[in-house]
Amino acid sequence: MASKKKTAMTKQELKGHVDKAEMDLSLCELSSLPVRDMLTYTRVTRLDLSCNLLQELPEELCEMRQLQRLDLSKNVLAFLPQSIGHLDKLRELDLFSNRLSSLPLGFSQLTQLKWLDVKNNMLDSQLVSVAGTCVDARECEDCAKSVVRFMRTKAAEAERAHQENLQRERRALERQKELTDRENAERRRQKQELKQQRREEREAELRQRKTEDAGREETGSLHAERKRSVGFNADGGSSSSSRCWPWVLLLLLVLAGVALSAYVVFCVPNDQMCRDTVSRQSQQAVTFFKSLQKRMTS
C-alpha cells in the first residue's frame, strides 16, 4: 500500500528537522509549508526544501531574510513570488527540475547571489540562452551573474514601461480634464448668454412698459388740458353771462318802465293804438334780447 502523502508539518515535527543554522525539510512530501513556525527560527541560514510537492512558495517565506542558501529543486513550482528579492543575503539558489516558465523581476534585487541552477524548467528561450546549461559549479556561478544582470535589465524596462504607462494615463487624464473644463466653460458661457438675453428681454420689456405708460400719461395730460381749457371757457362764459345778466334785467326793467309810461301818457285816449305800439316795442325788446344772448353765447 502506498504511503499517505504529508501535506503539512506540526511544530514538534519541524523542530526535529532543525540543526543549528540549517533546516532540512527535503523528502517530506510537503505540499504546503508551516511558514509561521519556520519564521521563529531566525538563526537558520540554510533551508532545504528539495524533493517535495510544492506548487508555490508562500510570500511569507521571503521574510526569512537571514537565508544564504535555499534549495527548491525537484518540486512542481510554477512561479516564484515577487518578494523573493527580499532575500538580499541569499548566495545560493537551486531551482533545478521545476515547472518555472519565467522568473520574477524581484530577481534583480538578489545582488549577493553567486550560484544559481535553473536546469530542467520550462523557461522561455531568451532566459535559457542567458542562463546557460548549468552543468557544473562554474556555469552555475556564471548563470547567477547573467540571470541577475538580465533581470535588472528587464526590471528597468518594466519600470520604464510602467512610467510610460503612467505618463500616458496622466496625459489622458489631462486631456479628459481639459475637455471637461472646456465643456464646463462652454456650458457656463451659454448659461451667461442665456442670463444676459433674459436680462435684455426684461429691460426691453420694462422700457416698452415705460414708453407705454409715458404715452398714456401724455395722452391723459392732453385730455386733462383739453378738459381744463373747455372748463375754463365754460367757466369764463358762465362768469361773463353771470356778470351780464344784471344789466340785461336792468335794461328790461327800463324798457318795461318806458312802455308803461308810454301807455299811461299815450294809450289812455286811444287803447287800440297804444296796444299796437306796446306790442311792437315788446317784440323789438324780445328781438334785441335774443340777439344779445346770441352774441354772449358765441
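This chain uses plain numbering: 1 for the first residue, then up along the sequence. Because only heavy atoms are used, hydrogens play no part in the values below, and waters and symmetry mates are left out as well, while side chains stay in. Computed from a predicted structure; not experimentally measured.
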Quiz item: Do Leu90 and Leu39 belong to the same hydrophobic cluster, where Ile, Leu, Val, Met, Phe, Trp and Tyr are linked whenever their side-chain heavy atoms lie under 4.5 Å apart, directly or via other members?
Solution: yes
Quiz item: For Asp142, what residues pass the side chain to side chain donor-acceptor pair (under 3.5 Å) criterion, not counting sequence neighbours?
Solution: none
Exercise. Determine yes or no for a side-chain-to-main-chain donor-acceptor pair under 3.5 angstrom, with Glu22 supplying the side chain and Arg46 the backbone.
Key: no
Quiz item: How about Gln163 and Glu159: does a side-chain donor come under 3.5 Å of a side-chain acceptor?
Solution: yes
Quiz item: Sub-3.5 Å donor-acceptor pair from the side chain of Glu13 to the main-chain atoms of Met9, do we have one?
Solution: no
Quiz item: Donor-acceptor pair, Asp117 side chain versus Asp94 backbone, under 3.5 Å?
Solution: no
Quiz item: Residues in salt bridge (charged side-chain N to carboxylate O under 4.0 Å, His left out) with Glu186, at least two apart?
Solution: Arg189
Self-check item: Arg199 side chain near Gln196 side chain, heavy-atom distance below 4.5 Å
Solution: yes
Quiz item: Salt bridge check: are Arg160 and Glu164 linked by an N-O gap of less than 4.0 Å?
Solution: no
Quiz item: Can you check whether Leu14's main-chain N or O pairs, donor with acceptor, with Asp37's side chain at less than 3.5 Å?
Solution: no
Quiz item: Do Thr111 and Arg152 have side-chain heavy atoms sitting under 4.5 Å apart?
Solution: yes
Quiz item: Backbone N or O of Ser125 within a donor-acceptor pair of the Ser129 side chain at under 3.5 Å?
Solution: no
Practice problem: Decide salt bridge (Lys or Arg N to Asp or Glu O under 4.0 Å) for Lys145 and Glu141; before the verdict, give the C-alpha distance in whole Å, the side-chain angles of both, and the deciding distance to 0.1 Å. | Solution: CA-CA 7 Å; Lys145 294 178 183 178; Glu141 292 175 359; over 6 Å; no
Quiz item: Would you say Gln12 has more than 12 foreign heavy atoms packed within less than 6.0 Å of its CD?
Solution: no
Self-check item: ILVMFWY cluster, Leu33 and Val18 together (side-chain gap under 4.5 Å)
Solution: yes
Quiz prompt | Pair Gln68, Thr45: side-chain N/O donor-acceptor within cut-off below 3.5 Å | solution = no
Quiz item: Applying the 4.5 Å side-chain criterion to the ILVMFWY set and letting contacts propagate, would Leu116 and Phe79 be lumped into a single cluster?
Solution: no
Practice problem: Look only at the side chain of Asn121 and the backbone of Asn98, and say whether a donor-acceptor pair between them is shorter than 3.5 Å. | Solution: yes
Quiz item: Could Lys177 and Asp181 be called an ion pair, given the rule that one side-chain N must be under 4.0 Å from one carboxylate O?
Solution: yes
Quiz item: Does Phe150 share a hydrophobic cluster with Val128, counting links as ILVMFWY side-chain heavy atoms below 4.5 Å and allowing steps through other members?
Solution: yes
Exercise. Verify, without hydrogens or angle tests, whether Asp124 (side chain) and Leu127 (backbone) share a donor-acceptor contact under 3.5 angstrom.
Key: yes
Quiz item: With distance as the sole test, does Asn184 use its side chain to make a donor-acceptor pair with the main-chain N or O of Arg182 at under 3.5 Å?
Solution: no
Quiz item: Within the side chain of Thr153, is there an N or O that forms a donor-acceptor pair under 3.5 Å with the backbone of Arg149?
Solution: yes
Exercise. Look at the side-chain heavy atoms of Ile, Leu, Val, Met, Phe, Trp and Tyr, link any pair under 4.5 Å apart, and say whether Phe96 and Leu53 land in one connected group.
Key: no
